[in-house]
Amino acid sequence: MSTVKPLTDAEATAVIKESITRIVPDADFSLVRPDDRFRDVLELDSLDFLSLVELLSERTGVRIDEEDYPELTTLADATRFLVGRSMGAAGSAP
Amino acid sequence: MAEFTMPSLGADMDEGLLQEWLVAPGDQVRKGDVVAVVETDKAAIEVECFESGTVGRLLVPAGTRVPVGTPLALIEAGAAAGARAGSRAPAAAPHERPEPRREPAREAPRAREREPAGRPVRTAAGPAQPQPPPPTPSPTPTPTEATAALGAGPLVRHLAELRGVDLTTLHGTGAGGRVTRADVEHAPSPHVSRVRSTPYARRLAHDLDVDLTEVRGTGDGGAVRAADVRAHAGKAAGEGERERPRNGARRTAAAVPAADRPEQRTDAMRRAIAELMSRSKREIPHYYLSTTIDLTAAVDWLRRVNRGRPPAGRLVPAALLLRAAALAAREVPSLNGHWRDDGFAAASEVNLGIAVSLRQGGLLAPVIHDADTLPPDALMNRLKDLVERTRRGRLRGSETSGATLTVTSLGDQGVESVYGVIHPPQVALVGFGAVVERPWAAGGMLGVRPVVTATLAADHRATDGAVGARYLTAVDRLLRRPEEL
């Protein structure tokens with residue numbers, strides 16, 4: 001997809017936090033360390049998580065399949081995943 | 001002439017605060033239109049009317065707390081309303097109340113406005129309204145109604161607020177210079193467009209920095225709902241990231257709390273829950289059953305269905321669990337209904353109450369009506385919409401009552417089973433825990449499978465354990481054949 005642009009770590013983390021904030025408006029990221037399971041800390045249920053996947057793929061253009069969900073467990077994992085996928089997708093784009 | 005009364009928004013509601021009128025005398029309303037916002041102990045609810053016709057007198061002013069059943073307004077019959085809508089000269093309707101004429105139909109004018117944008121006019125909400133005559137603000141006797149500043153009625157003020165029109169800048173063409181609805185509708189509104197939307201959607205649009213003219217409405221008559229705004233905001237944010245990165249800070253700041261809800265509501269809700277649950281445990285002799293269900297087939301089916309679907313179209317296991325719970329209720333009708341006057345009354349439809357936990361604490365159980373008639377995709381969409389609006393405080397009155405069986409799912413909190421407390425006057429509550437992988441013996445072999453623990457709390461006055469067992473067995477059987485759900 002041509003809509004994917006390569007993300008830096010900082011950009012990916014920002015997109016993740018902003019997207020979570022859309023779903024949990026008062027999310028307090030001072031409570032979430034990079035390796036915490038943010039779903040547990042911020043109490044995202046399965047519908048919230050699906051909304052998060054929706055927002056992330058809309059905003060980054062990165063395709064996120066169900067098989068990828070385990071990559072979205074911690075902020076560190078999710079950042080790594082989005083950066084990696086955005087590089088791959090952008091690299092393969094014509 | 002019918003009375004519009006303070007509705008019962010849940011079995012535990014005795015009184016409600018009429019927070020806001022969304023209509024004024026003379027307005028045409030159709031069955032199902034939202035006419036007022038009522039605040040209960042638990043939430044602010046958008047209340048629909050159950051009659052079509054013309055709003056007559058408002059009997060209770062906004063800001064008043066009244067018991068359930070108190071007449072709030074008079075609705076004149078639909079036929080009279082139609083005749084009245086068609087009559088253009090005030091003289092033709094001598095019985096008419098001394099109110100300035102207002103535009104009769106609410107959809108049509110906005111529908112017209114939407115056309116230039118090249119969008120289809122949605123009429124899914126019901127039969128098309130007859131095209132109303134163009135607005136003719138005609139002089140009429142001075143209104144006797146107590147009116148606020150500038151003589152604008154609540155509807156006009158509401159409309160002005162929605163459109164961002166400053167009433168003080170308008171020249172009123174109504175009696176005594178009163179600002180009419182038409183005045184507001186014709187007023188130039190530089191920054192706010194004339195898009196039909198729910199009040200909450202408008203607030204949300206403002207918070208999220210979304211231009212409502214760009215949002216496709218999926219509500220009644222093409223009205224923009226909060227979900228539409230959110231969907232649009234998600235998209236726009238993705239696109240806008242590159243074009244206007246400076247906007248990010250503003251969005252983030254504005255998107256902070258959905259705190260149009262008073263702090264004390266949490267306390268009031270706590271008390272309401274305490275009251276209802278105490279009553280349940282005082283009056284209902286509960287019995288409890290539990291079974292563990294192999295979800296291999298269901299999980300595989302979900303994976304197949306979701307593969308290739310964009311995230312917005314994917315299903316979560318909860319949709320299948322609800323589907324099974326609803327179908328099983330149809331099979332075992334003696335768990336689906338109410339205990340009233342020392343007897344059980346089975347319900348003719350399956351209306352599932354869905355326990356939804358709120359982020360600020362507390363719990364609501366909005367209702368999916370006729371859940372047994374909705375296939376998984378439809379059920380999923382209803383669930384998403386309902387949960388979102390529940391958490392945002394934008395439930396409709398019809399969604400707060402009429403549950404015949406409640407389902408609670410604490411799986412997302414990581415627990416494996418939940419034994420619920422029945423919501424009287426219902427006679428059962430179904431619980432689902434987390435979907436987890438567990439060792440499972442089948443055909444003499446041990447394997448690892450995804451399983452869920454389904455529980456049933458049931459009223460022993462209405463049924464015995466054998467009936468409850470039949471119910472859980474049915475849920476089990478249904479979930480093993482997901483393709484038939």
Side-chain angles (χ1 to χ4, degrees), chain A residues 1-8 10-29 31 37-70 72-73 82 85-86 89-90, chain B residues 204 207-208 227 230-242 245 248-249 251-259 299 302-319 321 356-357 359-360 380 383-388 391-392 409-414 434-435:
Chain A
M1 271 188 286
S2 57
T3 53
V4 182
K5 68 161 190 161
L7 296 167
T8 64
E11 286 168 337
T13 306
V15 169
I16 296 164
K17 287 186 177 176
E18 273 184 44
S19 301
I20 293 176
T21 303
R22 280 285 164 78
I23 298 159
V24 187
D26 51 356
D28 181 356
F29 287 101
L31 300 175
R37 302 167 64 90
F38 63 81
R39 273 186 73 172
D40 297 346
V41 180
L42 300 174
E43 298 188 338
L44 269 67
D45 64 23
S46 59
L47 293 178
D48 296 330
F49 184 75
L50 187 60
S51 303
L52 176 63
V53 170
E54 210 175 317
L55 284 172
L56 289 179
S57 64
E58 274 172 4
R59 300 180 70 172
T60 63
V62 166
R63 176 180 167 149
I64 306 173
D65 290 317
E66 275 197 321
E67 288 77 6
D68 301 322
Y69 288 0
L72 303 177
T73 306
L82 285 183
R85 276 290 167 90
S86 68
Chain B
L204 192 65
D207 287 351
L208 297 178
R230 265 163 61 81
H232 186 87
K235 256 180 248 153
E239 292 158 7
E241 211 63 6
R242 291 176 298 280
R251 263 197 312 269
T252 314
V256 185
V299 167
L302 281 172
R303 194 172 293 136
R304 272 201 310 281
V305 167
N306 287 339
R307 186 172 296 146
R309 283 192 183 190
R314 290 178 196 164
L315 300 174
V316 297
L321 299 177
V356 177
S357 63
R359 297 195 202 289
Q360 68 272 30
M380 178 72 194
L383 181 67
K384 279 205 280 196
D385 176 53
L386 196 65
V387 170
E388 157 156 356
R391 293 198 169 138
R392 297 275 173 181
S409 166
L410 283 182
D412 289 314
Q413 270 70 41
V435 178

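Below, read A as the first sequence line, B as the second, and so on, with proteins coming before strands; counting in each chain starts at 1.
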Using every non-hydrogen atom in the two residues, find where B:Arg314 and A:Glu66 come nearest and quote the distance to one decimal.
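The pair with the smallest heavy-atom distance is NH1-N, 3.9 Å.
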Closest non-hydrogen atom pair between A:Arg22 and B:Arg392, with its separation:
O-NH2, 3.2 Å
Answer with side chain, backbone, both or neither: which region of B:Leu383 has an atom nearer than 4.5 Å to a non-hydrogen atom of chain A?
both
Which bit of [X] is near chain B, if near means a heavy-atom gap under 4.5 Å: side chain, backbone, both or neither?
X       : result
A:Glu11 : neither
A:Asp40 : neither
A:Glu54 : both
A:Leu56 : neither

Within a radius of less than 6.0 Å around CZ of B:Arg309, do more than 12 heavy atoms belonging to other residues, nucleotides or ligands occur?
yes
Atom [atom1] in [X], atom [atom2] in [Y]: separation rounded to 0.5 Å?
X        : Y        : atom1 : atom2 : result
B:Ser409 : A:Asp45  : OG    : CG    : 8.5 Å
B:Leu315 : A:Leu50  : CG    : CG    : 9.0 Å
A:Leu44  : B:Arg359 : CG    : CZ    : 6.5 Å

List the residues meeting side chain to side chain donor-acceptor pair (under 3.5 Å) with A:Ser57, not counting sequence neighbours, and say none if there are none.
none
Does any non-hydrogen side-chain atom of A:Leu47 lie less than 4.5 Å from one of B:Arg391?
no
Sequence neighbours left out, what passes ring pair (Phe, Tyr, Trp, His ring centres under 6.0 Å) with A:Tyr69? Give chain and number order.
A:Phe49
